[in-house]
S.K.: 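Got a structure for you, written out below as structure tokens; questions coming shortly.
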Amino acid sequence: MDTKQQRLLRKLPGVDHLLELWDKKQPIEDIPRTVLVRSIRTTIDRLRMRILVDDELLDETMFSDNQLLQLATQAVNKSMKFNLKRVINATGVVVHTNLGRSLLPESVARHVAEISSYYSNLEFDLERGTRGSRYSCVEEILCEISGAEAALVVNNNAGAVFLSLETLAKGKEVIVSRGELVEIGGSFRLPEVMARSGAKLVEIGTTNRTHLSDYEGAIRDETALLLKVHTSNYSLVGFTAEVPLKDLVALGAKYNIPVMNDLGSGSFVDFSEYGLMKEPTVQETVAAGADLVTFSGDKMLGGPQAGIIVGRKDALEHIKKSPVTRALRIDKMTLAALEATLHLYRDESKAVLAIPTLNMLALSPRIIANRAKRLQNRLKKLGNEKLEAVITNASSKVGGGALPLAELPTKCVGIKIKGLSANRIERLMLDATPPIIGRIENDLFVMDVRTIQDEEIAIIALTFKKILAEA
Ligand SMILES: *Cc1c(COP(=O)(O)O)cnc(C)c1O
């Protein structure tokens, strides 16, 4: 260690010194003592680290009382802010798992606020004046929309799949096509979920082709379930074959074995009517005769995080009684959000307008072009010659492991600022309030307008105005 480092280390202030300084000047009022002490410790630790890594920018002037107080104030400000905060999604990935997947419609969010800030009939039957079921508020409407006999909701779809397997197939065999043994977003791997549930996986067919005879050949006394899994985030193309659900249902009926279909990103809306690929809807899957259908609440459904199971009454009765159901039970805020979202589905044309996820997926090219133009105009109106905003064509993604091959034509606004690299702009956008998440392409900071909400255009313009003022 050289003498400069030793000298600086000796000068490093103690916690008490900074506390004293703070108490004298009080740069911010009403800070809890614990927050203050922690922030001061962090400040000093950071300075020590910078000395130890021999940060060339560091010298004694950093230890002046004013500098120290400023650093401590920054640390206090940061720790008084929420870690979980709103961001602007300019990635064009609609169901973005890292950014919270689905946005709740405003009417839904209002219902959640009311239910969570007052008492509710969560488990109380108002007609009979006695204890009721937590799930009854959504069961009926789920049956109404899906056409199923019974329904249950749990924490998420991973939970729904686990719970179904654990209840119906523990210690027994489940037949799955090799082409459907998927991994979804790192931590959900079908073979591992199945192993944990106690069900024994029986793989059949080959990676690219599986036939009905493969299923039939694997059926034994120990077979508890025929499972079909939506491949979600990957696609089998080329020389492929899979068994249609209705053939699997017929096979199940012949041997008296239930059939379960994990749809992953299940939807009540046929997106082929909005220019996307045809995917079986939840209703179609139920109608095709699946005994159990599982899907997420916050993927293409556009509601809160939840795992939804619909299907035959006897199978669901069985699942409802499992102690695991209690461990995976959803809270009242989620139930309120789910019920309010499901109500919107009673009228599909309204749902597509009101539910942001559906709305963003179904946006017309005209609306997208218009939004891009408006963002570009707002930026041009800042009247700063350093900034250049160009509109480019690109494609958005559905996200959430749904329709991986779908390319949704979209418009992006790409930004160049004289004197700032694209990487620097990206950094400044991440530090902004709210942070703006975009991407870098051809040395431009690029924002896909599909996932930018209308009222966010003004916020983005203001953010660039601030950056230009400081650049
Ligand atoms: C996404 C997905 C899951 C997991 O759903 P979560 O709601 O994220 O828990 C399970 N199965 C399939 C096929 C999926 O696509």
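Counting convention: from 1, in listed order, for ligands and their atoms alike.
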S.K.: Please write down residue, atom name and distance for the protein heavy atom closest to atom 9 (O) of ligand 1.
M.R.: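 Ranked first by proximity to atom 9 (O) of ligand 1 is A158 N, 2.8 Å.
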S.K.: Should the pair E242-K228 be classified as a salt bridge under the 4.0 Å nitrogen-to-oxygen rule?
M.R.: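 Salt bridge flag = yes for K228 with E242.
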S.K.: V153 versus Y135: any side-chain heavy-atom pair under 4.5 Å?
M.R.: yes
S.K.: Would you say E388 has more than 12 foreign heavy atoms packed within less than 6.0 Å of its CD?
M.R.: no
S.K.: Give the numbers and elements of all ligand 1 atoms closer than 4.0 Å to a heavy atom of I184.
M.R.: 1 (C), 2 (C), 12 (C), 13 (C), 14 (C), 15 (O)
S.K.: For D262, is the nearest heavy atom under 4.0 Å from an atom of ligand 1?
M.R.: yes
S.K.: Nearest heavy atom to atom 13 (C) of ligand 1 wins, so pick from A306, G400, S296, S232.
M.R.: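 Ranked by closest heavy atom to atom 13 (C) of ligand 1, first place is S232.
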S.K.: Does the structure place the NZ or CZ of R439 under 6.0 Å from the centre of the six-membered ring of F445, at an angle of no more than 45° from the ring's axis?
M.R.: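 Verdict for F445: no cation-pi partner in R439.
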S.K.: Out of K299, E183, R101, who is nearest to atom 2 (C) of ligand 1 when you count heavy atoms only?
M.R.: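 Selected option, by shortest heavy-atom distance: K299.
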S.K.: Could you work out, for atom 10 (C) of ligand 1, the closest of V154, N156, N157, L263 by heavy-atom distance?
M.R.: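 Minimum heavy-atom distance to atom 10 (C) of ligand 1 goes to N157.
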S.K.: Counting only heavy atoms not in M277, do more than 12 sit closer than 6.0 Å to its CE atom?
M.R.: yes
S.K.: Please identify which atoms of ligand 1 are closer than 4.0 Å to at least one heavy atom of H230.
M.R.: 13 (C)
S.K.: Any ion pair linking R86 and E456 (charged N to carboxylate O, less than 4.0 Å)?
M.R.: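 Yes.
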